[in-house]
Structure formats: C-alpha cells, structure tokens
Colleague: 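Before I ask anything, let me first share the structure, which is written out below as structure tokens.
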Amino acid sequence: MSESIIELSAAELAAKLASGEVASVDAVQAHLDHIEATDGTALDAQDRSRGTDGLNAFLHRNTEEALRVAREVDEARANGEELPELAGVPVAVKDLIVTKGQPTTAASRMLEGFMSPYDGTVTRKLRAARMPILGKTNLDEFAMGSSTEHSAFGPTRNPWDLTKIPGGSGGGSAAAVSAFQTPLALGTDTGGSIRQPAAVTGTVGVKPTYGSVSRYGVIAMASSLDQVGPCSRTVLDAALLHEVVGGHDPADSTSLPDPVGGYAQAARTGAADGGLKGLRVGVVKQLTGDGFQAGVQQRFEESLELLRRAGAEIVEVETPNFEYALGAYYLIMSSEVSSNLAKYDGVRFGLRVTPEGTPTIEKVMGASRAAGFGDEVKRRIILGTYALSAGYYDAYYGSAQQVRTLVQRDFAAAFEKADVLISPTAPTTAFDIGGVDESADPMQMYLNDIATIPTNLAGIPALSLPGGLAPEDGLPVGIQFMAPAREDARVYRAGAGLERLLAEKWGGPLWQHRGDVAGTVHDFAATAAQGGK
Amino acid sequence: MSAINREQVAHLAELARIEMTDEELARVAGELELIVSSVASVSEAAGPDVPATSHPLPLQNVFRDDVVGETLTQEEALLNAPDGQDGKFRVPAILDGE
Amino acid sequence: MSQDVLSFEEALERFDPVLGFEVHVELNTKTKMFDAAPNTFGDEPNTNITPVSLGLPGVLPVVNGKAVESAIKLGLALNCSIAEKCHFARKNYFYPDTPKNFQTSQFDEPIAYEGYLDLELEDGTEFRVEIERAHMEEDAGKLTHMGGDAGRIQNAQYSLVDYNRAGVPLIEIVTKPIEGAGERAPELARAYVAAIREIVKNLGISDARMERGNVRCDANVSLMPKGATQFGTRSETKNVNSLRAVERTVRYEIQRHAAVLAAGEKVTQETRFWHEDTRSTTAGRPKSDADDYRYFPEPDLVPVVTTADWIEEIRTTLPEPPSERRKRLKADWGYSDEEFRDVVNAGVMDEIERTIAAGASAATARKWWMGEIARLAKQREVEIAELPVAAEHVVELNQLIEGGKINDKLAKKVLGFVVDGEGTPGEIVEARGLAVVSDDGALSTAVDDAMAQMPDVVEKIRGGKVQAVGALIGPVMKATRGQADAGRVRQIILEKLGMQG
C-alpha cells in the first residue's frame, strides 16, 4: 500500500485524496516511513558534517506538524469543506527557505539551530494550500555548489547510484523527489540549482521567470539571479506546485505584478495529441557539442527527433555572447553573495565564536565567519569582494552587467526565430562524490552550470525534464526548455509534450528503469541501508 | 590582469571580515587567480555603448504605503541572539568609530 | 609639537577656510525606509522591529513611498534637480549597529542634485551655499557602550545594540565646498544647519529635533593659505548635534588646522568627534584604503523613476519657503530690522502671525509676545511656543484692556493665570473678580480715606503742585487691590479739590 502511494504523482495523489480513496494522513505517513527507511543514520553522531549512510536528503524532518496538517485536511474533507487542489499532498522545502517553527540552516554551520520567527512567502502559500511540509532538504551551503557536497551536514547521495552526487545546490530536494520520499519539493535556482539536480536525478525542475515566485523568506544567495521553483517527477506536478507558490508579493520589490496561472493547463495541452504541432523549437548551438558528454548529446538528439516527428519545427539559433555568460555569472553572483552574506556576523543570530582573551567585536566577527562558513562560501565571498572593490569594479562587476545585456539580446534574437529554446540541462551525468578537486581547479565545478546560467542572467523561465539514461554510465540525462520572460506556460507545454513522447518510447516513466542501475525503487531502502557501497 | 598575491587576499579577507590563516591566504590567492583569469574575458565582451543590466526585468517605482505593519516582539527579536542583555543585543567592545 | 590651537583671529589672518557639510535628516514618516516597522522615538529596545529591520535571513526591503515623496520635496525646497531615474545602492561595511552590514543608500544616482540654499546671516547679508546632492538612505541602530568612561566607546568592555532606529528613513544633504566665508565661517555653519532644520520642519517631513538626532551634522573643514586656490586637507567632524556645537566645531577646527599648518605640519585626513564638555574635537580613525565601501546597485530594489507631472504635483503641495515668508511678513507687519530679527530669534513668528490673523494689530501682537509672554517663558524656563497661550488669548486680553475692563497691570496678572491653565482671559477676570473698580462710590470713599490720612499732600496739591496727586493714588490703588483705574482716581481727587481734572 505505502509503496504504491509514494509512487503516485502529486496530481494522482490529489485525485485519490479528493475522492476519499486515500487519506492524507496515510500518504504523509507513507512518505515519512520511506524517508526513515532511505535517508540513513548519522555516520558520526558527534560530527554532523559526515552526513548519513543513506540518501541524506533531509536536514530536518517535520514529522509531527506534517501529520497534524494531514489530519486537519482529512477532517476538513470529511466535513465537506472546499479545499485547494493540492491540499493534503506532502511537500518538502529546501532548507534555504525560512519556516517558522522549524529550524532553517542553509546547510551551514553558521545557522545551525537558527529558528526563523517568520515564514517565507512561499512557506505561507504552502500552508494556505494546506500541504503538509515533510521537512527541510539538504543543499550546498547557502546554495553554493553543483553537487550538494558543500553541505555542512554531509553530502546528499544520488538515488540512481549512491556513490554519485545528486547535483546542486538543490540536491536534497531533487534526490528526495527522485527517491519517492516526497512527490513535490521546493528548490531555488540561481545558476541551475533546481534544473541541474533534476537532470542528474532523472526528475523535473523548473526555474520560473524571475519575479514569478516571491523571494521573501528565501535566504539570499544572489538577489538578481535567485528564483524559487518546483521539483517533481512529472511536468504537470511542477506546474501545479508553481501555481501554488507563484504570484505577486508586495514584500518582494522584484515580484512581477502579473497574475499567476495557466501552467497546469499548458502542461495538459502539451501532453495532448498535437500539443507540439507547429511549435518552433530553437536548438541553441552554443549549448551543444564540445564539452557535452557523448551520451548526453545522444539523448538530446533523440529528443529532438521525437519533437520533429510530433510536428515541432526544429530550428538552430545562435547566441554568440553565451561564451561570456559563465564569467559574468560568477562575477555578478559572487559580488551579490559577498554583500548578502555580510549579515552573518554572530551579532543578531547565528554562530558566534569568541577567540581567547578579550577580543573586540571585529575579531569575534572575523572568527565567527571563519568558523561558520565553508571553503566554497569563503571563496565566493572573497571573489565578490574583489570584483566590487575600488579599481576593479568597472572591469569586473560593471562589465559583467553589460554581458548580461548582451545575453538578453541574444535570447531576444533567438526568440524571434523560436517559441522555445532547447538544450541539454547539464553537460554531464552525475559524477562521483568527491570526484572534483575544486581547490586544484575551482572552475571545473562551475562548468556544470554552463547551460543553465544564461537563463538566470536573463531572468527567463526554464524547465528540465528527464531525457533518458546515458548509454555509457546508465545515469539520467536532462533536457532543458527555455522560454521568454513571463512565458512560463510555454516550457510547461513543451516539457509535457516531450515527456509524453519519451514515456511512450520507454513504456512508462524513466524511474521504472532505475532497477537497471541501482536496484528498483522497491528494494531501494535496502540499497540505501548499505550506505552507498 | 595582474596576479593576485597573498597580501591582496589578506586585504580582501579583512574587508569581508573573515579571519584566514597564512596557508588559507596562500591557497585562496591561487584559487582566486585561477578564477579571475578564467572570467577576465568578460571585460572585453561589450563596448562602451552597451548599457549595464542590474535587474533582469524592467520594473520601476515599487513603493509601499506608509502604514505600520506587524512587528516582532522583543523576545522574537532576540530569539536567535548569541548574547543579550536588557532587551538588547550584547557584543564585545568595539575597536574604533563611534 | 605645535600648540593645539591658534587664536581665531590669527588663523583667519593667515588662512582661508573651506567648509562642507553633510547633514542627515531623519524623516517623520510613520514607518521605516524599507519596512513597515514603526518609526518612533524612545520605545522599549528592539520592539520597533520587523524581520526586515533586523536583517534576518531571507528578508527583502520595500521602499516607503512617502519617504521618496519627502525626499523630492526637500530636493525642490533646496532648488535641486530631481533625478528622472535613480536607484539605491549598497554601502558595504561591517559595524554592529548595521543589521545587514551594509547600508542601503544611494551612490552615483542621488534623487536630488545640483541645488542651492540662500542663507541670511545675522546682519542681513545673504550667502549662497551650493548643494551637491540629497540622497535617501537608512539610519543605523543605537549602541550603548558599557563599562567604559561615561558611555563613551573608549575603554568600554562591551556594547548593547538596540535596532529600533535601524532603518529609519534619512536624507543626507551634501554641500559643495563652501569658500569665501572667512571669519564668518562659524556663523555661516550655524546658519546653514539652522536653515536646513527650518526647511524640513516647514515641509513637515521631519520633527527636526536636534536633541533627538533628527538633524545631525558632519562638518568638514580645511584651510588654505590666503589667496591660494588649492584646497587643503580636510577633517570631518561627526557628532555635531546642536546649532551651538556646529558653530563651535567649525571655529575650533579652523584654529586647530591653523596651528598644525603654522607649525609646518600636515593636517591628517581623518574623522574627528566633537565633545561638548571639552569644547574640542578628538581624532577618530584616519581615512584609509580600508574605506572601500564596494558600492553596487541594490539588487533587491528597483529604480525610482520620476515624471514631470509627478514632480509638479509635489511642487504644488510645498509650503512657502521660510525665507520668503519672513520677507513677506516683515513688510506686512512694518517691523524694524531689529524688531523683526528679535521676533525670529525668539521663535514667535507663527504666534504673532496667528495673533494678527485673530484680530490684533502688529504692534499689539509684538508687544505681548516679545514682552510679558516672553518674560513668563523665561521665568518658567521653557520655549515661548511651549506656553499654553493662544493667539485668541492675546486678542481677548487686548480687548479687555481697550474696553476698560482691566488695566495693563491686571492684564499681566490674568496672563499668568492663563499660563497656569485657568481658562481664557475673560473667564479668569470673571472667576477671580479682577475687573477694574469703576464704581465711583467705592472709589470716592477710598479717596476720602487717603486724603484724610495725608493732609500735607492735599495742601501741596491745593498749593498748585498737581503732580503730588501721585502720592494719593498709591494708597487708593492699594485699598482697591489694584483694580482701580488710576486715571479715574486722579480725576476724582482733582474734582474733590475743586480743580479741573
């Protein structure tokens, strides 16, 4: 029973809850049980930084509250109350989003034990939609990374192969969705932190248009790039969650005034017969070929072929300035990071380290930040401080902002020729945990985001969906759709269309093939318990 | 772009208020040098006629009415304070300024 | 080592001072600059706080529209251009009173720029101060230093932080370098800050109470040898929070710089602090490379874009500028330069204006406000405007005198009771029975008594020394407890003696 519940998509579960076939409290309990079975136990009770012997997708489990909310939904339903569509459907929240009554850590030692006295806007919306929050998911510290290895509380593992990374920064949310710990999760995407984990865990992830979802209560990494979005196993589910958390928020000055909606409808249209007919799909030349793993490229081309056969028009577009995008991204992101993370100083909240003797506040701040931040966070703060400092501002930050204009122009030109753009989401499949020596070449890790970063610079929406398994390693490959700003519906339509074509080809969803690699989902708990070999 | 040395990183670390050991400074100098040299081409991408974009979408004049909203209690304000006294945040002595 | 200060006169003989001011004005909006926490003074610590004012993880700022309007008003009042488009910027520095460790301010695009302010010095000369810019920003929290010397930062063992003030809207007004003030520099400094205070108060955008820090001044001073054109090194003195202190600071810094330069030494570019107790400044930390604020556009806020229509709409709401109003009132009232200056200095211009509007003549209004009312205020050690005397009271009082109901002396008494809150002058006269004794019968008896007691005086009057009447009036007034009309008493005496009154 519980296994079949956890395999349901959010839309399917919502239907069963609505019909009374399944109780929310049972659905929540089934997911909590599965988390218990798969997330592992601490490798070192004293040292949380080592993580667990299982998935380690959750940093905090919100058991009691989730069950309480589920019970309330069941009661309300029994009383015949009108309920929101996803009421009673569990959801997980990236631990970068503040939740009143539960800890929020940003996976940093700096915020260990931090309790937010307020809810983020998206948290409030989840509560208003009466969705039980299962817990807070793991991430790279302050969302800085592409592997979730930079979590202060140990890496999250990839459900497809526990020795592999689940992507990052939102590896926890993606792994949890992929491993059936939850049907839905919220992530945040600054340079690919929703989409790249979705790609390498065989799930769906969407970065909405900048301003489509409120950032209030989302711990800022890079303000002009951050965006909250949904993680799920189906395109329709992502659309449904996007509709729950999206919309204008007066507490976020960068929030779009536009009404939210039409995403689920777009997903249903795309999945219907003829949903892709006449859709102009632009292949971004600069985001294919060199630097992309052969198996990734192969699955990408197969997807193009499927789209073509379904009546889509495939065109090639040029985006010459994308070669500067990664550099511009790292300068803008790190500059904003250096300022956004200044507030963590051990005065009002967070870790305070007091050196020996009678240190001044300056020393205490320095020691607290030294102890509270990990290497990657420090590296980016220092880079950002450098990029903004006197004498370098114009060459670095100023130029990067100009590149941003050029990237936007490239997209504008591309969207003259195409309704949506398409590319592989990430250049490779999941790599080994510990497989990248960042100190030797910090840029190596950054290259994972090469295909996702341009959309963040331009503020436009993008969706990643599973495109198959790379033949050489049997690991998931992600396909990315991009659309003009405010046209999020287009990526849902195209994504749902391709999703259906691929499911027809595979005879079901991609995850049914996980047995080929790391055991089926049904004996996954046993695999996880072995501690990932 | 000149090479980034340890002294420069020490200055940056001070601006960023992060204490660093000598080894750390040396390591970060090397890393920073690598990153900066990889991103340096950014400064050659655009001519002077290209405007800077600091916001991805062109919104303007987003204002709030001058109306008092919900506030935190003193307890909530100090909920996560490492040290407090008399309803205030307590910090060690300050070196300079006033 | 040079002597600490040179005499002011010698300093001015050898050097020309160049001044510059950064004045911070706290706005009196109901809420803070970027969040909905109340902007009120003197509340329990850390209670005027939202997650935003505390800079908690995840928070975002939203601009207070009223504060932007106030900034535009001030910009217009300072004859500035208003930016068509401007944005906020982050000024990055670590300090425990700054919750985010950056201050949200404006940098390369202030909302108002290139203006001027014409000051009137005490002797009536006008002096134009050029305004470089006025920009919006937020205030910091308040630090209390514990265990040190009298709350000073020196030798403090620890500090306590209250963030109630953090995020209160500020407008910083920056002047261009002010040359040519010469020996009048200290006076000019005072006049400038006084004028800013008056303008923001008149606009209704600030409570403008310097003792509460609503208006705070950083004074820049540098000297250059007489006739030189190259500015010297400047010092920036903070903490200058009263008009008197502004004047004294500038004077002191001129003398100190002069001593340093006269000794052939170099002035250090540094921040200094004014101390009212010693009436001197002390050095803070020197300006250095460490002051790298790494300004960049605030990514959490969007630009402010003004339109000509919007600006004109705001312009129509502006009150008459104080200096123009003064010129108009002085002409209307017909006061002499000296009379008018005294009125302005006493701070009773509004009161006089209201009193005249209520029906009194300009002379009468001045007589009361600058005379008895001013005396009562001084006696009670309060500002004149703080006394509970209304324009209507003065008018009524004057009508009672003119109607012969009371005399001047009684009127002063009545005024005292008005101040004590006993009611309107009419009510007080009624309640206390203070009306002048005009019953001739009662007066006649009192006069007879006085004449019987002083026959020698009566003889003198009869002998032609009419001025001796005064000696009789005294006892009559005494007998009637001052409620008699002295003129009428004199008339009765002369009638009784058969002489023409």
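Since this is a predicted model, take the numbers as computed values, not measurements. Within every chain, numbering begins at 1; the chains are lettered A, B, ... in the order of the sequence lines, protein sequences first and strands thereafter. We use all heavy atoms of the structure for the numbers below, so side chains are in, but hydrogens, waters and symmetry mates are not.
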Colleague: What distance separates C:N92 CG from A:T385 OG1, expressed to the nearest 0.5 Å?
Modeller: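 Taking CG in C:N92 and OG1 in A:T385, the distance rounds to 8.0 Å.
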
Colleague: Return yes when atom NZ of C:K91 has more than 12 non-hydrogen atoms of other residues, nucleotides or ligands closer than 6.0 Å, and no otherwise.
Modeller: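 Buried by this count: over 12 neighbours within 6.0 Å.
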
Colleague: Looking at A:S214, A:S339, A:A220, which one has more heavy-atom pairs under 4.5 Å with chain C than the rest?
Modeller: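 Among the listed options, the one with the most contacts to chain C is A:S339.
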
Colleague: Using non-hydrogen atoms only, which part of A:S116 is less than 4.5 Å away from chain C: side chain, backbone, both, or neither?
Modeller: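 Nothing of A:S116, per the 4.5 Å heavy-atom cut-off to chain C.
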
Colleague: Could you measure the distance from the OG atom of A:S335 to the CZ atom of C:R294? Nearest 0.5 Å is fine.
Modeller: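 The OG atom of A:S335 sits 10.5 Å away from the CZ atom of C:R294.
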
Colleague: Suppose a student defines contact as a heavy atom less than 4.5 Å from any heavy atom of chain C. Which residues in residues 107-114 of chain A would they list?
Modeller: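 Interface residues of residues 107-114 of chain A: A:L111, A:F114.
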
Colleague: Could you pull out all residues at least two apart from A:Y393 that satisfy ring pair (Phe, Tyr, Trp, His ring centres under 6.0 Å)?
Modeller: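 With neighbours one apart ignored, the set is A:Y397.
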
Colleague: Apply side chain to side chain contact (heavy atoms under 4.5 Å, CB included) to the pair C:L54 and A:F349, showing each step before the final yes or no.
Modeller: CA-CA 10 Å; C:L54 210 50; A:F349 47 79; 5.8 Å; no

Colleague: Can you tell which part of A:V98 gets under 4.5 Å to a heavy atom of chain C, answering side chain, backbone, both or neither?
Modeller: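 Interface part for A:V98: side chain.
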
Colleague: Looking only at heavy atoms, what is the nearest atom pair of C:R90 and A:E336, with distance?
Modeller: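 C:R90 and A:E336 have their closest heavy atoms at NH1-O, 4.3 Å.
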
Colleague: Only pairs of heavy atoms separated by less than 4.5 Å count here; which of A:S224, A:A251, A:G350 has the most with chain C?
Modeller: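 Ranked by contacts with chain C, first place is A:A251.
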
Colleague: Quick one: does A:K343's side chain have a donor or acceptor within less than 3.5 Å of a partner on C:G55's backbone?
Modeller: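 At least one qualifying donor-acceptor pair exists.
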
Colleague: Shortest non-hydrogen contact from A:T254 to C:P299?
Modeller: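 Shortest heavy-atom contact: CG2-O, 3.8 Å.
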
Colleague: Quick check on C:F102 against chain A: is it the side chain, the backbone, both or neither that has a heavy atom closer than 4.5 Å?
Modeller: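 Looking at C:F102, just its side chain touches chain A.
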
Colleague: Check whether any side-chain heavy atom of A:E362 sits under 4.5 Å from a side-chain heavy atom of C:F94, and report yes or no.
Modeller: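 No, their side chains stay 4.5 Å or more apart.
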
Colleague: With rounding to the nearest 0.5 angstrom, report the OH to CG distance, C:Y293 to A:L388.
Modeller: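 Taking OH in C:Y293 and CG in A:L388, the distance rounds to 15.5 Å.
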
Colleague: Please give me the minimum heavy-atom distance between C:D292 and A:A390, naming the atom from each residue.
Modeller: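 Reported closest heavy-atom pair: OD2-N, 2.9 Å.
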
Colleague: Around atom NZ of C:K85, are there more than 12 heavy atoms of other residues, nucleotides or ligands at under 6.0 Å?
Modeller: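 For C:K85, atom NZ is not crowded (no more than 12 foreign heavy atoms under 6.0 Å).
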
Colleague: Would you check if the side chain of C:Y163 reaches a backbone N or O of A:R348 as a donor-acceptor pair within less than 3.5 Å?
Modeller: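 Answer holds: no.
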
Colleague: Give, for atom CG of C:D300 and atom CG of A:N340, the distance between the pair rounded to the nearest 0.5 Å.
Modeller: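 Rounded to the nearest 0.5 Å, the CG-CG separation comes to 6.5 Å.
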
Colleague: Please report the C-alpha distance between C:V52 and A:Y216 in whole Å, then the side-chain angles of each, then the deciding distance to 0.1 Å, and finally whether the side chain to side chain contact (heavy atoms under 4.5 Å, CB included) criterion is met.
Modeller: CA-CA 10 Å; C:V52 182; A:Y216 188 74; 3.8 Å; yes

Colleague: Checking C:T98 against chain A: side chain, backbone, both or neither under 4.5 Å from a heavy atom?
Modeller: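 For C:T98, backbone heavy atoms alone lie under 4.5 Å from chain A.
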
Colleague: For the pair A:S253 (side chain) and C:P61 (backbone), establish whether a donor and an acceptor sit closer than 3.5 Å, ignoring hydrogens and angles.
Modeller: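 Yes.
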
Colleague: Could you measure the distance from the CG atom of C:N101 to the CG atom of A:L341? Nearest 0.5 Å is fine.
Modeller: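 Separation between the atoms: 11.0 Å.
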
Colleague: In this structure, are over 12 heavy atoms from other groups packed under 6.0 Å from A:K363 atom NZ?
Modeller: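 Not buried by this count: 12 neighbours or fewer within 6.0 Å.
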
Colleague: Below 4.5 Å, heavy atoms only, C-beta onward: do A:S338 and C:F296 meet side chain to side chain?
Modeller: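 Counting from C-beta outward, A:S338 and C:F296 never come under 4.5 Å.
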
Colleague: Of the non-hydrogen atoms in A:P117 and C:L56, which two are nearest, and what is the gap between them?
Modeller: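 For A:P117 versus C:L56, the nearest heavy atoms are CG-CD1, 3.5 Å.
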
